[in-house]
There are 2 protein chains.
Amino acid sequence: MADRRSATIKDVAAAAGVGIATVSRVFSGTGAVADATRERVLAAARELDYRPSALGRGLKLRRSGGIGLIVPDVTDPFCAELVAGVLACARTLGGHVIVDAAHGDPEREAEIVDRFVEQRVDGIIARPAGETADWRAAARVCSSVVFADRILPGLAEIPTVLADDAGGVRSLAEYLVGLGHRRIAFLGAAAPGGEPGVRERAFRDTLERLGVPAEDDLVVAARPARDAAYAAAAGLLQRRADVTAVVAAEHLLGEAAVLVARELDLRVPADVSIAMVDDVPWAELCDPPLTAVARPGRDIGYRACELLLREPARRGRGGPVRLPTELVVRGSCGALRAGRR
Amino acid sequence: MADRRSATIKDVAAAAGVGIATVSRVFSGTGAVADATRERVLAAARELDYRPSALGRGLKLRRSGGIGLIVPDVTDPFCAELVAGVLACARTLGGHVIVDAAHGDPEREAEIVDRFVEQRVDGIIARPAGETADWRAAARVCSSVVFADRILPGLAEIPTVLADDAGGVRSLAEYLVGLGHRRIAFLGAAAPGGEPGVRERAFRDTLERLGVPAEDDLVVAARPARDAAYAAAAGLLQRRADVTAVVAAEHLLGEAAVLVARELDLRVPADVSIAMVDDVPWAELCDPPLTAVARPGRDIGYRACELLLREPARRGRGGPVRLPTELVVRGSCGALRAGRR
DNA sequence: GTGAAAGCGCTAACAG
DNA sequence: CTGTTAGCGCTTTCAC
């Protein structure tokens, strides 16, 4: 009880009067051990407060049993869901998760990957910031890699789990057009958030398909930061007072739109309809509650982890896994009536 | 390049024509190595794509260089901030962070602690769910423990970093009384969120000090879940139509209050003022924007990590570290006018 | 400065 | 069924 350092397998073996291999068998669940012996070992272990060392085991097995997870920012609601999904899956599969945030910086991301490799993680899940990190080497040397929520152009061979962002934006656009809107603006992310350009392309394609002009002037891109988002939204709404609806490609942009509309004394949805991608928890707290496309962050994380740990075979076959989104209609979009604004 | 298994220190030593000890010295920064030799080693390592194994090093050093972090739920905004703070600090100190969520379940928490001990983490930071886990053993056997945002009655000797919740609630109460409110309700958490009862006590004390009656009937407790929070808020506001202000002890309760007020067609703040603890990102998106007490989640995490890794000496001395909160006044509280409601 | 050797705690043959 | 043995990759005396 007052041992300076914790008991080892050797101590337990001695105390139980067995060989260390037997103790190992008891704790690793490998091989067969007589019930009586097992009891004796367990008793000795309990007595000594023995904890098998994952370090020793890991060294022998040359894997740590952990997985590395890289997200841009753990405080982003979507990322947090992603993390939660990975944790949930890892738990059922008996692995632990090392988490780190790259904050969109490819250099930093590369460092994190390096560190994960040193830790000999069993695999890495990342919402990648860029191609600086040596993903291929990471996947090859000691672990496999799965991307989540973002596909990297040059690394198509890395298995990936995505939300069907295109489908989400499409349903948003169809919904607004269905309400009668014709001058619909799109607030997109400049540095890609999701497959680069996918959302914007889906927006344009859908409008075109429905015979609504997608004016270039109504499609703006902002850096994914609070101030930039606000600036973009304000610029748009002031420049084009005739827009009747805006689609925001991510929650920061949606928030900016709400704030700007309030600032400009535009009523939502009477003066302008607002809808966005990402059904953050506060969407229903807004007044009016915000119509949004829910992306399954948790499922993406869970699935990515499953892919990594459980289905190494199926990885990457047939392109990225794409999970469905869901349009959640609330009160922030209204039917267009003639003569508005 | 096509090695089946990654290069070891031995491979590098051979390739560089030196002993493994020298390679070790180069990579661990220990001891002195001639510049020429170092270059040779580095070159060989680069050639072989060598990554020192944290497993081997950890085994030798009997510590993994990582820390374990336990929160109730990574998707909770406050917890997410806490995690971000720990990550930030760990990064500067060169450690990695294993994260897991206990979801308020002491059993699960105990399992996580066990697992962390097996991993031989250098320390554990927890927003503890309960006393089931053997915190003392964890602190003794192989790592130290620091609590964050919650103090455990029976474990006062564990160093702890807290927000000044009492101060936060006090400022909220003072603010509302200052606006003229006299019938102020308190929505508290039944299962403790923060030091048990601290917020409620601060609320009652403050009112009393200011000569305002704190009616028991106006102080209600809800389980920290969405539905329970809503039920509690609805019950309160319907039962006592005469309350003019409500203080919510955490963001779930504040949100519930907002929703219920809207449901009941109460205008905020004209009919009822609402303020809450926890300045979540969407507080300013509400209409009207919510007055709230900001708790420094990130700082708490950072400080806890610092305490764990950098200042083992100062730990626990002089009671818990208590970080200040800040009252953020927005538009959800108004001055009481005679004859309201 | 540098190398040889002895483990750190554990698992996996291989004998018995 | 169980014990013995040989490492897994690294750090660290201790000589040279």
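No hydrogens, no waters, no symmetry mates; every other heavy atom, side chains included, goes into these values. Predicted model only: the values in this text are computed from it and were never measured. Quick note on labels: first sequence line is chain A, next is B, and so on, each numbered from 1.
- The closest side-chain heavy-atom distance from A:Val18 to A:Thr37 is below 4.5 Å.
- Along DNA chain C, read 5' to 3', the first and last nucleotides having any atom under 4.0 Å from a heavy atom of chain A are C:dC8 to C:dA13.
- Both A:Ile20 and A:Val33 lie near DNA chain D, and the one whose nearest nucleotide falls closer to the 5' end is A:Val33.
- Taking the ring centre of B:Phe147 as origin, the terminal cationic atom of B:Arg127 falls outside the region bounded by 6.0 Å and 45° from the ring axis.
- Salt-bridge check for B:Arg295 with B:Asp149: passed, with a basic side-chain N closer than 4.0 Å to an acidic carboxylate O.
- Nucleic acid contact for A:Ala21: base, since at least one base atom lies under 4.0 Å from a heavy atom of the residue.
- The side chain of A:Ala32 sits closest to D:dC1 out of D:dC14, D:dC10, D:dC1.
- Under 4.0 angstrom from either OP1 or OP2 of D:dT11 there lies no side-chain N or O belonging to B:Arg25.
- Separation of atoms CZ (A:Arg57) and CG (B:Leu55) is listed at 11.5 Å; rounding is to 0.5 Å.
- The main-chain N or O of B:Ile20 is never found under 3.5 Å from a side-chain atom of B:Ser24 such that the two would form a donor-acceptor pair.
- By the 4.5 Å heavy-atom criterion applied to side chains, B:Ile67 and B:Leu308 are counted as neighbours.
- Between B:Arg57 and D:dT11 there is a side-chain polar atom (N or O) within less than 4.0 angstrom of OP1 or OP2.
- Residue order along DNA chain C, read from the 5' end via each residue's closest nucleotide, puts B:Gly19 first among B:Gly19 and B:Leu59.
- Taking atom CZ on B:Arg63 and atom P on D:dT11, their separation rounds to 12 Å, with Å as the unit.
- B:Ser53 comes within contact range of the sugar-phosphate backbone alone, with a heavy-atom separation under 4.0 Å but no base atom that close.
- Here the nucleotide nearest the side chain of A:Thr22, chosen from D:dG7, D:dT2, D:dC14, is D:dT2.
- As judged by a 4.0 angstrom heavy-atom cut-off over every strand, B:Leu55 is placed among residues making no nucleic acid contact.
- Ranking D:dC10, D:dC8, D:dT4 by closeness to the B:Lys10 side chain, first place goes to D:dC8.
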